Amino acid sequence: MVFKRLLGSLGVGGPTVDTVLDPGAARPGGLLSGRVHLVGGTADHDVEHVALELVARVETEHEEHGDGEGVVVFDRHVVGGSFRLAAGAETSVPFTVALPWETPVTELHGQPLGIVLGVRTELAVAGARDKGDLDQLTVAPLPAQEAVLEALGQLGFGFRSADLEYGRIGGTGQQLPFYQEIELTPPPAYAHQVNEIELTFLAVPGTLEVVLEADKRGGPFSDGHDALSRFTVPHEGPSGPQDWNALVDGWIQELVEHRASYGSHAVYGHESGYGGHEPGHSGGSGSGIGVGTAVLAGAGVIAGGIVAAEVVDEVGDFFEDDSDDDSGDDPDDGSAEDFGGDGED
């Protein structure tokens, strides 16, 4: 989705900007390329810089105000400037930037997961700034991420929802101020032990950390218990032949067994060369991973992988409703802009 808008803050007759991303999905830690097309207005303008911001629709939890959602800027790149843009002149600024390793995955086998990311273009001219162009960003999984999701699908897990949760996973090297959470329904073999499995990927150069939480809600005569586990694999998977179904099923079995053995809030790591022992998730309210608002509805398995059978499409609303204010936050400070306590735009 590409928008071409008059840069209102620069006045009528100001330059226009149109950012076009190269075709195809990007990948976490990979390169994102494209061009920023500029057309001069009715007068000459001195362009100070052209910048790209990576933004995400993120959910948050407030102890006092309830759940909300907003836009988080999670990376920023200056890709051009300074130069003089003559009246009516056309120019194009090519760019190639690296995505953060923790960039959320938005699709699997071309099927959207309901995660909404965008690339927002900022043009600074003579002291005025306008973020007047916003384009949808599509991110495909790393090989190991895809293999884990494929294995879960083949093991009978169903896709429930995916969202971005504002907060941090304690004890990890998480860099972004939010994490992606994929909620899965268990197959019959595990349905009596857990209500759902919550999955988070945290990638760094060369390594993928897989965080799993088993959520078992208590019945009228018993307490619910949660267990959290962490496993790590290389981006391409362990060296040598690997039965991903057996590997992932082993993770689930360990998770369920430890939940039963240690009870509420058990936390442990995989110790066979791919893991560690760390504390659990910490969301905006200081609680655990948290279920969050479902962005996707339904469950399905296509080609052995987990995909959404039905998608609640928030992409259009996100791009049309996103404000063009100049209050974007520094992605390193963990803050978010435009959060509301009622979940309304």
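Computed from a predicted model, the values in this text were never measured in an experiment. Computation of the quantities below employed the complete heavy-atom set of this structure, encompassing side-chain atoms and omitting hydrogens, waters and symmetry-equivalent molecules.
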message = Walk me through whether Asp18 and Val39 qualify under side-chain contact (heavy atoms from CB on, under 4.5 Å).
response = CA-CA 9 Å; Asp18 184 15; Val39 179; over 6 Å; no
ask   = Do Phe74 and Thr103 have side chains that get closer than 4.5 Å, going by heavy atoms?
value = yes
key: Taking every non-hydrogen atom, the tightest pair across Ala191 and Pro186   = CA-CG, 3.9 Å
request  = May I ask you to test the Thr91-Phe83 pair for a side-chain heavy-atom distance under 4.5 Å?
outcome  = yes
ask   = Within a strict 4.5 Å, meaning less than it, do heavy atoms of the Leu137 and Thr106 side chains meet?
value = no
query = Can you tell if the side chain of Pro141 reaches within under 4.5 Å of the side chain of Leu108, non-hydrogen atoms only?
reply = yes
By side chain to side chain donor-acceptor pair (under 3.5 Å) - contacts of Thr121 (at least two apart) = Thr19
message = Would Val194 and Ile252 count as a side-chain contact (heavy atoms from CB on, under 4.5 Å) here? Give the steps.
response = CA-CA 10 Å; Val194 295; Ile252 299 296; over 6 Å; no
request  = State, yes or no, whether a side-chain contact exists between Ile182 and Phe159 at a heavy-atom distance under 4.5 Å.
outcome  = yes
task = Any chance you could measure Asn195, atom CG, to Arg160, atom CZ, to the nearest 0.5 Å?
result = 7.5 Å
key: Side-chain donor or acceptor of Gln180 paired with backbone N/O of Val105 under 3.5 Å   = yes
task = Can you see which heavy atom on Trp244 is nearest to which on Ala151, and at what distance?
result = O-CB, 3.7 Å
Side-chain touch Gln175/Val204, heavy atoms, less than 4.5 angstrom = no
remark   = Contacts of Asp44 meeting side chain to side chain donor-acceptor pair (under 3.5 Å) (sequence neighbours excluded), chain-then-number -> none
inquiry  = Whether the side chain of Gln145 engages the backbone of Ala140 through a donor-acceptor N/O pair (distance < 3.5 Å, no angle test) should be reported.
reply    = no
query = Which atom pair, heavy atoms only, marks the closest approach of Arg168 to Pro177?
reply = NH2-CA, 3.9 Å
key: Closest contact, heavy atoms only, Trp101 versus Ala203   = CB-O, 3.3 Å
message = Is any side-chain heavy atom of Leu247 closer than 4.5 Å to one of Phe231?
response = no
query = What about Leu54 and Leu117, same hydrophobic cluster or not, with Ile/Leu/Val/Met/Phe/Trp/Tyr joined at side-chain heavy-atom distances under 4.5 Å?
reply = yes
ask   = Got a donor-acceptor contact below 3.5 angstrom from the Gln174 side chain to the Ile169 backbone?
value = yes
Closest non-hydrogen atom pair, His235 against Pro205 = CE1-C, 4.0 Å
query = Would you say Leu142 and Phe201 make side-chain contact, with heavy atoms under 4.5 Å?
reply = no
key: Tyr190 and its side chain to side chain contact (heavy atoms under 4.5 Å, CB included) partner, picked from Asp249, Thr185, Leu255   = Asp249
ask   = What distance separates Leu21 CG from Phe95 CZ, expressed to the nearest 0.5 Å?
value = 5.0 Å
inquiry  = Restricting to non-hydrogen atoms, name the atom on Leu113 and the atom on Ala162 that form the minimum distance, rounded to 0.1 Å.
reply    = O-CB, 3.6 Å
message = Within this structure, what is the CG-CD distance for the pair Leu85 and Glu90, rounded to the nearest 0.5 Å?
response = 10.0 Å
note = To the nearest 0.5 Å, atom CG of Leu32 lies from atom CG of Leu99 at 5.0 Å
remark   = In this structure, CD of Glu122 is separated from CD of Glu53 (nearest 0.5 Å) by 5.5 Å
Side chain to side chain donor-acceptor pair (under 3.5 Å): pairs with one or both residues in residues 26-38, sequence neighbours excluded = Asp22-Ser33, Arg35-Ser92, His37-Ser92
Separation between CG of Leu202 and CG of Leu176, rounded to the nearest 0.5 Å = 9.0 Å
